[in-house]
Amino acid sequence: MAAIKPGQDSGNLSVVVHGIGDLRLENRPVPVPGPNEVLLKMHSVGICGSDVHYWQHGRIGDFVVKNPMVLGHEASGTVVKVGSSVTHLKPGDRVAIEPGVPRETDEFCKTGRYNLSPTIFFCATPPDDGNLCRYYTHHANFCYKLPDNVTFEEGALIEPLSVGIHACRRAGVTLGSKVFICGAGPIGLVSLLVAKMMGASQVVISDLSSTRLEKAREVGADFALHVANETPQEIAQKVEALLGCMPEITIECTGAETCIQTGIYATRSGGTLILVGLGPAMVNVPIVNAAVREVDIRGIFRYCNTWPMAISMLSSKRVNVAPLVTHRFPLEKALEAFETTKQGLGVKVMLKCDENDQNP
């Protein structure tokens, strides 16, 4: 990675993946917004596991890095210029960025499930560039004004929070729900926050890491279950013992085969298992167990229609995502930040893209 000297004019400094293990800091031209776009000065961008995966493996499933790509999709910034057709935003507005923008009004957009549109633009998903840079243009309709009492970092965390909202909506979490969450990484933790917010009476969360389970307790888990070498059936029995019954809802956030198996065994008959984590393309699961007990298995792909709800939740202080940020790095130290994320240190690593404002 190229070193940036102190005081050097860094222009549009960007974090770019060129291929497997090849991550670079590069100066790129400052983009010009189109008629329906805004030019943003980026402030806070979180590092996602997918960013690290593209860096380490050069692909996720069918999405392959074939050309240099700017990483980053958990982001917030300030409008510095608006396109000729933009009327609802102005320079100086602080915004959170929804990274998925439909390119056409297809059947999925018409039914409100635009996240499933096969031609959707999505930040830092090949071949589309992300926003881990100083300056970035984005469709204005997918930039949401932040209230004064919501920080830039909270704005950036709306992206992972949205995964939790979409998962809990698809699961049907409601008042009194008993919920089991597999995995206490960032997505497991936001799913926990949202489940409690939506009225879940008791939430059990499991993980291999005692540090992550401690963070889960801090943000509201009723029970934190440390797992080691137990079988899926044994873990399911432990979950039932903690809750006093089997949970109606399980949210699986790891993608690991054993955890998906656990999710099926743990979920109450007639309940719902949500698959959030992405792992191997093919997994062995006790599908007959799920079938004869009418356990519904539902997938989620990113999110849709979540930013307004998330902003309302943050502005009203009904949900607190601030504790999830455990590390901060200036943009110039991006490689160090990515190494920190790769090593699994902390929960959410945040990159600060505005050299004149490193505050949350």
Between the side chain of Thr341 and the main-chain N/O of Ala337, is any donor-acceptor distance below 3.5 Å? yes
Measure the CG-CZ distance between Leu351 and Arg328 for me, rounded to the nearest 0.5 Å. 11.5 Å
Could you tell me whether Arg103 and Asp128 have a side-chain N and a carboxylate O separated by less than 4.0 Å? yes
Mark yes or no for whether Glu240, through its side chain, and Leu243, through its backbone, hold a donor-acceptor pair below 3.5 Å. no
Counting only heavy atoms from other residues, nucleotides and ligands, does the tally under 6.0 Å from NZ of Lys238 exceed 12? no
With rounding to the nearest 0.5 Å, note down the distance linking CZ in Arg302 to OG in Ser162. 12.5 Å
Side-chain contact, heavy-atom cut-off 4.5 Å: Pro247 with Val239? yes
Thr254 side, atom OG1; Asp207 side, atom CG - distance, nearest 0.5 Å: 9.0 Å
Should the ring pair His57 and His53 be called parallel, tilted or perpendicular, given that the plane angle runs from 0 to 90° and is split at 30 and 60? tilted
Validation row: Lys81, Val30 side chains within 4.5 angstrom (heavy atoms): no
Val38 vs Pro33 side-chain heavy atoms within contact, under 4.5 Å: no
Looking only at heavy atoms, which two atoms of Asp106 and Pro118 are closest? And how far apart? OD2-CD, 3.7 Å
I'd like to know whether Thr262 forms a side chain to side chain contact (heavy atoms under 4.5 Å, CB included) with Phe180, so could you lay out the CA-CA distance, the side-chain angles of the two residues, the decisive distance to 0.1 Å, and finally the verdict. CA-CA 10 Å; Thr262 300; Phe180 171 40; 3.9 Å; yes
Are Leu314 and Val319 packed together at the side-chain level, in the sense that at least one heavy-atom pair is separated by less than 4.5 angstrom? yes
Same apolar cluster (I L V M F W Y, side chains within < 4.5 Å links), Leu278/Ile47: no
Polar side-chain atom of Ser316 near backbone of Ser312 as donor-acceptor pair, under 3.5 Å: yes
Glu294 and Ser269: CA distance, side-chain angles, deciding distance, side chain to side chain contact (heavy atoms under 4.5 Å, CB included) verdict: CA-CA 6 Å; Glu294 296 190 5; Ser269 296; over 6 Å; no
Side-chain heavy-atom pair Lys90, Lys145 within 4.5 angstrom cut-off: yes
Is Arg217 salt-bridged to Glu214, going by a charged N under 4.0 Å from an acidic O? yes
Starting at CZ of Arg212, measure out to NE2 of His226 and round the result to the nearest 0.5 Å. 12.5 Å
Can you name the nearest heavy-atom pair linking Cys123 to Gly72, along with the distance? CB-O, 3.7 Å
On a heavy-atom basis, the closest approach of Glu248 and Ser177 is OE1-C, 3.8 Å
May I ask you to check whether over 12 heavy atoms, not counting those of Ile60, lie within 6.0 Å of atom CD1? yes
Does the distance from a Lys or Arg side-chain N to an Asp or Glu carboxylate O, for Lys352 and Glu153, drop under 4.0 Å? yes
Tell me the closest heavy-atom pair linking Cys253 and Gly188, and the distance in Å. SG-CA, 3.8 Å
Do Val82 and Ile97 sit in the same hydrophobic cluster, where Ile, Leu, Val, Met, Phe, Trp and Tyr count as joined when their side-chain heavy atoms come under 4.5 Å apart? yes
Report the C-alpha distance between Arg28 and Asp129 in whole Å, list the side-chain angles of each, state the deciding distance to 0.1 Å, and finish with yes or no for side chain to side chain contact (heavy atoms under 4.5 Å, CB included). CA-CA 12 Å; Arg28 291 193 159 199; Asp129 282 325; 3.5 Å; yes
Among Ile264, Leu273, Ile181, Ile274, which one satisfies side-chain contact (heavy atoms from CB on, under 4.5 Å) with Glu252? Leu273
Just do the side chain to side chain contact (heavy atoms under 4.5 Å, CB included) check on Met313 and Ile165 with the steps written out, would you? CA-CA 11 Å; Met313 288 165 62; Ile165 292 171; 4.1 Å; yes
Looking at Asn131 and Ala75, would you say the former's side chain and the latter's main chain have a donor-acceptor pair under 3.5 Å? no
Pair Lys110, Glu107 - check salt bridge (Lys or Arg N to Asp or Glu O under 4.0 Å), show working. CA-CA 5 Å; Lys110 290 175 183 175; Glu107 59 185 304; over 6 Å; no
Heavy-atom distance under 4.5 Å between the side chains of Leu23 and Val15, does that happen here? yes
Which heavy atom of Phe223 sits nearest a heavy atom of Gln202, and at what distance? CE1-NE2, 3.6 Å
Test of understanding: clusters of I, L, V, M, F, W, Y form through side-chain heavy atoms closer than 4.5 Å, transitively. Do Met197 and Ile187 belong to the same one? yes
Is the backbone of Phe301 close enough, under 3.5 Å, to the side chain of Asn115 for a donor and an acceptor to pair up by distance? yes
Quick one: NZ on Lys41 to CG on Asp357, what's the gap to the nearest 0.5 Å? 9.0 Å
Drop me the distance from Ser206's OG to Leu213's CG, to the nearest 0.5 angstrom. 7.5 Å
Lys317 side chain vs Asn149 backbone, donor-acceptor pair below 3.5 Å: yes
Any sub-3.5 Å donor-acceptor pair from Arg298's side-chain atoms to Arg170's backbone N or O? yes
Identified side-chain hydrogen bond (donor to acceptor under 3.5 Å, both in side chains) counterpart of Tyr303 within the set Arg169, His166, Glu159: Glu159
Asn305 side chain reached by Tyr114 side chain, heavy atoms, under 4.5 Å: yes
Basic-acidic side-chain contact under 4.0 Å: Glu74, Lys348: yes
For Cys353 and Leu132, the nearest pair of non-hydrogen atoms, with its separation, is SG-CD1, 4.1 Å
Look at the rings of His73 and Phe122 and say which category their plane angle falls in: under 30° parallel, 30 to 60° tilted, over 60° perpendicular. tilted
Between Leu335 and Val16, is there shared hydrophobic-cluster membership here, with clusters defined by ILVMFWY side-chain heavy atoms closer than 4.5 Å? no
Ignoring hydrogens and angles, tell me if any N or O in the side chain of Thr326 forms a donor-acceptor pair with the backbone of Val347 under 3.5 Å. yes
Between Lys215 (side chain only) and Pro323 (backbone N and O only), is there a donor and an acceptor less than 3.5 Å apart? yes
Does one hydrophobic cluster hold both Val45 and Phe142, with members joined at side-chain heavy-atom distances below 4.5 Å? yes
Decide yes or no for Pro126 and Tyr54: does some side-chain heavy atom of the first lie under 4.5 Å from some side-chain heavy atom of the second? yes
Step through the shown structure and confirm whether more than 12 heavy atoms of other residues, nucleotides or ligands are within 6.0 Å of CG on Asn229. no
Checking the side chain of Gln261 only, and the main-chain atoms of Asn284 only, is there a donor and an acceptor separated by less than 3.5 Å? yes
